[in-house]
Amino acid sequence: KNGSNGTFVNAHQANNSRIENLTLDGNKANNSATGEQAVLLIDNTTDWELSSQRLVVRNVYIKNGANNGLSSLRDSATGKWNWVYLFDNITIEYCEGYGFYDLTTDNKYSNFYVSNNKKANIYLKSSSNIYVNFKTDYGGATSSGDLSRTDGANIILESCSNIHFTNMD
């Protein structure tokens, strides 16, 4: 939607839910973003007791975000965690922020392709998850074709522990 300046899909308190078989276009040419906005936002920064649990996101193509493509957040102020997500077969491309920004624990992310995002393709902060079959390239790409990496890496790890990577490229 033109001028919406916000998140396209916000899964907040999405217990026992599925998001499947979608293409989500953030329409960055006609939108701007501030804060933690993303094309797909899993937002558990408030009401921890009601946070999303047993959430499945599968077969989703995310593109053209005015900020991040996929952001998965928890309440970092209280240190409480959200968990039991399954993300599978996700493609994220051409976003102005990070392709995938993850601030969660105890989840499984598999079969991701993350490419051509303006900032790093993958930014994991205070995360403790399982990541399987990830392909990432051209982090830091700009709309002008300049492939300089603004964050210096395709993948950024910050204050992470107990992360399990299998088949990362």
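- Side-chain N/O atoms of Tyr98 and Asn67 include no donor and acceptor closer than 3.5 Å.
- Heavy-atom minimum distance, Glu96 versus Lys28: OE2-NZ, 3.2 Å.
- Note that the NZ atom of Lys119 and the CG atom of Asn68 stand 7.0 Å from one another [nearest 0.5 Å].
- Here the side chains of Tyr61 and Leu22 are not in contact, with every heavy-atom distance at 4.5 Å or above.
- A distance of 9.0 Å separates CG of Asn107 from CD1 of Ile130, quoted to the nearest 0.5 Å.
- In the hydrophobic clustering of this structure, Val132 does not group with Leu157; members are Ile, Leu, Val, Met, Phe, Trp, Tyr whose side-chain heavy atoms approach within less than 4.5 Å, directly or through other members.
- Lys135 contributes atom NZ, which lies 9.0 Å from atom CG of Asn154 (distance to the nearest 0.5 angstrom).
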Query raised in the report: Yes or no on side chain to side chain contact (heavy atoms under 4.5 Å, CB included) for Phe112 and Leu70, after CA distance, side-chain angles and deciding distance?
Result: CA-CA 11 Å; Phe112 270 56; Leu70 167 61; 4.1 Å; yes
Query - Worked verdict on Thr136 versus Ile155 for side chain to side chain contact (heavy atoms under 4.5 Å, CB included) - result: CA-CA 8 Å; Thr136 177; Ile155 301 173; 4.0 Å; yes
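- A donor-acceptor pair is defined here as one N or O able to donate and one able to accept, closer than 3.5 Å; no such pair exists between the side chain of Thr104 and the backbone of Ser72.
- Checking Asp102 against Tyr131 by side-chain atom types alone, a donor-acceptor pair falls below 3.5 Å.
- Side-chain atoms of Asn64 and Asn27 include no donor-acceptor pair closer than 3.5 Å.
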Report task. Verify side chain to side chain contact (heavy atoms under 4.5 Å, CB included) between Leu124 and Ile163, making sure each step is shown before the conclusion. Result -> CA-CA 10 Å; Leu124 308 178; Ile163 290 183; 4.2 Å; yes
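- Among Cys160, Ser159, Ser161, the single residue meeting the side chain to side chain contact (heavy atoms under 4.5 Å, CB included) criterion with Ser126 is Ser159.
- Between the CD1 atom of Ile122 and the CD1 atom of Ile156 there is a distance of 10.5 Å, given to the nearest 0.5 Å.
- Phe165 and Phe134 end up in the same hydrophobic cluster when Ile, Leu, Val, Met, Phe, Trp and Tyr side chains are linked at under 4.5 Å.
- Between Ile92 and Cys95, the shortest heavy-atom distance links the atoms CG2-SG, 4.2 Å.
- Not one N or O on the side chain of Asn129 forms a donor-acceptor pair closer than 3.5 Å with the backbone of Ser127.
- A salt bridge does not link Glu93 with Lys63: every distance from a Lys NZ or Arg NE/NH1/NH2 to an Asp or Glu carboxylate oxygen is 4.0 Å or more.
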**Report entry** CA sep, side-chain torsions, deciding dist, call: Val57, Leu86, side chain to side chain contact (heavy atoms under 4.5 Å, CB included)
**Finding:** CA-CA 6 Å; Val57 180; Leu86 172 63; over 6 Å; no
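- In the model, Ser110 has a side-chain atom that pairs as donor or acceptor with a side-chain atom of Asp88 under 3.5 Å.
- No hydrogens or angles considered: a donor-acceptor pair under 3.5 Å links the side chains of Asn89 and Asn59.
- Considering all non-hydrogen atoms of both residues, Ala38 and Gly69 come closest at CB-O, 3.9 Å.
- Taking the ring centroids of Tyr109 and Phe100, they lie under the 6.0 Å cut-off.
- Under the 4.5 Å side-chain criterion, counting only non-hydrogen atoms from C-beta, Tyr101 is in contact with Lys125.
- Distance CG/Asp169 to CG/Asp137: 8.0 Å, rounded to 0.5 Å.
- Residues Val60 and Leu24 form a side-chain contact, since some pair of their non-hydrogen atoms from C-beta on lies under 4.5 Å apart.
- In this structure, the separation between CD1 on Ile90 and CG on Asn111 is 9.0 Å, given to the nearest 0.5 Å.
- Hydrophobic clustering, with ILVMFWY side chains joined whenever heavy atoms are under 4.5 angstrom apart, keeps Tyr94 apart from Tyr113.
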